[in-house]
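See below for the structure under consideration.
Everything quoted here is computed from the prediction, not taken from an experiment. Numbered from 1 within each chain, the chains take letters A, B, ... in sequence-line order.
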Protein chains: 2
Amino acid sequence: MTDEQLSRLSEISHRKKYSVGQVIMSDQEPVTFFANIISGTIKLTKTIADGRQQIVGLLFPPDFLGRAFSRNNPYFAEAASDVEVCMFPNEAFERLIDVYPDLKHRLFERTLDELDAAREWMLLLGRKTAEEKVASFLLLLARRSLVVACPNEKPSLTRFELPLRRADMADYLGLTIETVSRQLTRLKAAGIVGMSDTRTLEVPDIAALVDVAGQGMAL
Amino acid sequence: MTDEQLSRLSEISHRKKYSVGQVIMSDQEPVTFFANIISGTIKLTKTIADGRQQIVGLLFPPDFLGRAFSRNNPYFAEAASDVEVCMFPNEAFERLIDVYPDLKHRLFERTLDELDAAREWMLLLGRKTAEEKVASFLLLLARRSLVVACPNEKPSLTRFELPLRRADMADYLGLTIETVSRQLTRLKAAGIVGMSDTRTLEVPDIAALVDVAGQGMAL
DNA sequence: TCCCTTCTTTGATCCAAATCAATTGCGGTG
DNA sequence: CACCGCAATTGATTTGGATCAAAGAAGGGA
């Protein structure tokens, strides 16, 4: 994106903060904005009346939150941690898209990536065991932290923060809190992961984690 | 789409037939074409080495099969029934997209719909019971057949063909063949569905089916 | 028509994960 | 510091769906 584009963006945007648990976008209301995540983690969820919940997507910086070319929205977006976003009124953003068609192309590509991720997760939800599910999730995070930390190397030790509580991990993996906890202690006992604190994880050997995650975790 | 566009398309396309079980697109090979489904049902699947399989998408006429702006492809596409498609070489199709940007916009919207469908299914796979899963699938088909049959009315009786065998239904719902079969007989016993033949279904009262499907089946 | 194969249903048993139930740990706050 | 409320672990028990095992249907080819 060019500098000119960026300055245009800053003219029509404004910062906004959300704290853990706050609803950013609701099932019921039309979406009036596009948002770029600056910091924190946002969860997209679907819910059934009796309280059952499924996280259908996680968003990290610098992901986008919003619905291109559609006013209604079938998900909840909730702050999974304290979150800071940069918001654009929908109309202004779409005007910008008209001016810079490349932006639209980028949004399209991002949507395709999201579709692949969703389908990857369908395999996990439908066919993987609890142990494989938890391992796959940790692997996802481990890989993410690797990319952020050092794009070119492939170190075998990684340390990262869990951006979710156990309850959210359960909702992402289609499990219960208790099962997630038990699987984590199993992985710990097997020496595949270490935990200095409930939210801090070390993976001494990623290959070992890949093993128990079962395949299909290409990215 | 204009007549001119259509004639352009027919110049660069050709018909092709596949019979049940045939692989149309593989995991391993780059995608070289775009295809419009004329008749039959195509399943998109992801597989683990030990044989576990998950159907991540079903395609019916007049859906598109292919990957815009990406050569590699993380799924298998397999004929779930006898299938007839209309194929376009990838380069030719993308040239067409350049000429008619509206086409690209349509593809984008379709991708967004697929994403919503995938996430809807994530809720089903992660949080619904076997009974709810089977009912949800039948509901999906019932609604589809309603749309095809009479776009404007809302009759309460529907009859339609199951486009999948039990094994495929199981792979779509994250269940086993046996469980699918049992749930079908339960629904039959409860009078919620009727089956003249293993592949032909009647739904006397869609509202009753909606009830057991649990919500979240908006479309 | 009768095999032969493949699909489907049904039954009996088992097991992974859910549920129920404490207990422990931990961060804030008066 | 001690208290409170929430998050996480750990244990005991239950259960929904998987697995194992047969026994029907339904093609479909010779």
Side-chain angles (χ1 to χ4, degrees), chain A residues 19-21 43 48 50-54 80-82 124-138 161-190 193-201 212 214, chain B residues 19-22 43 48 50-54 79-82 124-138 161-190 193-201 212 214:
Chain A
S19 48
V20 198
K43 52 179 179 173
I48 320 191
D50 59 15
R52 282 177 286 176
Q53 198 175 52
Q54 178 67 45
S81 66
D82 289 347
L124 176 144
L125 291 171
R127 290 305 185 199
K128 288 195 178 180
T129 65
E131 183 176 46
E132 291 170 329
K133 284 178 174 182
V134 171
S136 296
F137 176 65
L138 297 182
E161 292 288 303
L162 286 178
L164 303 181
R165 330 170 274 169
R166 300 289 182 270
D168 287 332
M169 289 180 57
D171 283 344
Y172 197 28
L173 299 171
L175 298 172
T176 59
I177 300 174
E178 295 93 326
T179 300
V180 169
S181 179
R182 277 186 247 272
Q183 294 302 332
L184 281 174
T185 56
R186 282 191 60 188
L187 290 173
K188 220 184 329 178
V193 303
M195 290 177 57
S196 25
D197 137 48
T198 54
R199 300 286 284 254
T200 316
L201 236 113
V212 317
Chain B
S19 49
V20 197
Q22 266 195 289
K43 53 179 179 172
I48 321 192
D50 60 14
R52 282 178 286 175
Q53 196 174 53
Q54 178 67 44
S81 66
D82 289 346
L124 175 143
L125 291 171
R127 292 301 185 202
K128 289 195 177 178
T129 65
E131 184 175 44
E132 290 170 328
K133 284 177 173 182
V134 171
S136 297
F137 176 65
L138 298 182
E161 292 288 303
L162 287 178
L164 303 181
R165 337 171 265 170
R166 300 290 182 268
D168 286 332
M169 290 179 59
D171 283 344
Y172 198 28
L173 298 171
L175 298 171
T176 58
I177 300 173
E178 294 94 327
T179 299
V180 170
S181 178
R182 278 186 248 273
Q183 295 302 332
L184 281 173
T185 56
R186 283 192 59 188
L187 289 172
K188 219 183 333 179
V193 303
M195 290 178 57
S196 26
D197 136 48
T198 54
R199 300 287 283 255
T200 314
L201 235 113
V212 317

Between the protein and nucleotides 5-9 of chain C, are there any N/O to N/O pairs under 3.5 Å, and if so, what are the atom names and distances?
unit_1	atom_1	unit_2	atom_2	d
C:dC7	OP1	B:R165	NH1	2.5
C:dT8	OP2	B:R166	N	2.9
C:dT9	OP1	B:R166	NH2	3.1
C:dT9	OP2	B:R166	NE	2.6
C:dT9	OP2	B:S181	OG	2.9
C:dT9	O5'	B:S181	OG	3.1

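- The CD-C1' distance, from B:E132 to D:dG17, rounds to 14 Å in whole Å.
- Scanning all heavy atoms of the two residues, the minimum distance from A:L162 to A:M169 falls at CD1-SD, 4.2 Å.
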For salt bridge (charged side-chain N to carboxylate O under 4.0 Å, His left out), just list the numbers for A:R199 and A:D197, CA-CA rounded to whole Å, side-chain angles, deciding distance to a tenth of an Å, and then say yes or no. CA-CA 5 Å; A:R199 300 286 284 254; A:D197 137 48; over 6 Å; no
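- Here the C1' atom of nucleotide D:dA8 and the CG atom of A:L162 are 12 Å apart, to the nearest Å.
- Among the atoms of the strands shown, none is found under 4.0 Å from any heavy atom of B:G21.
- Atom CG in A:D171 sits roughly 14 Å away from atom C1' in C:dA18 (whole-Å rounding).
- If you measure from atom CZ of A:R127 to atom C1' of D:dA18, you get 10 Å, rounded to the nearest angstrom.
- Checking the phosphate oxygens (OP1, OP2) of C:dA17, no side-chain nitrogen or oxygen of A:T176 falls inside 4.0 Å.
- The CD-P distance, from A:Q183 to D:dT9, rounds to 12 Å in whole Å.
- Taking every heavy atom of both residues into account, B:G174 and B:L125 meet most closely at N-CD2, 3.8 Å.
- Atom CZ in B:R186 sits roughly 9 Å away from atom P in D:dG17 (whole-Å rounding).
- Side-chain contact between A:L124 and A:F137: absent, with no pair of heavy atoms (C-beta onward) separated by less than 4.5 Å.
- Taking OG1 of A:T129 as the start and CD of A:E132 as the end, the distance is 3.5 Å to the nearest 0.5 Å.
- Proximity of a side-chain donor or acceptor of A:R127 to a complementary backbone N or O of B:Q54 within less than 3.5 Å is not detected.
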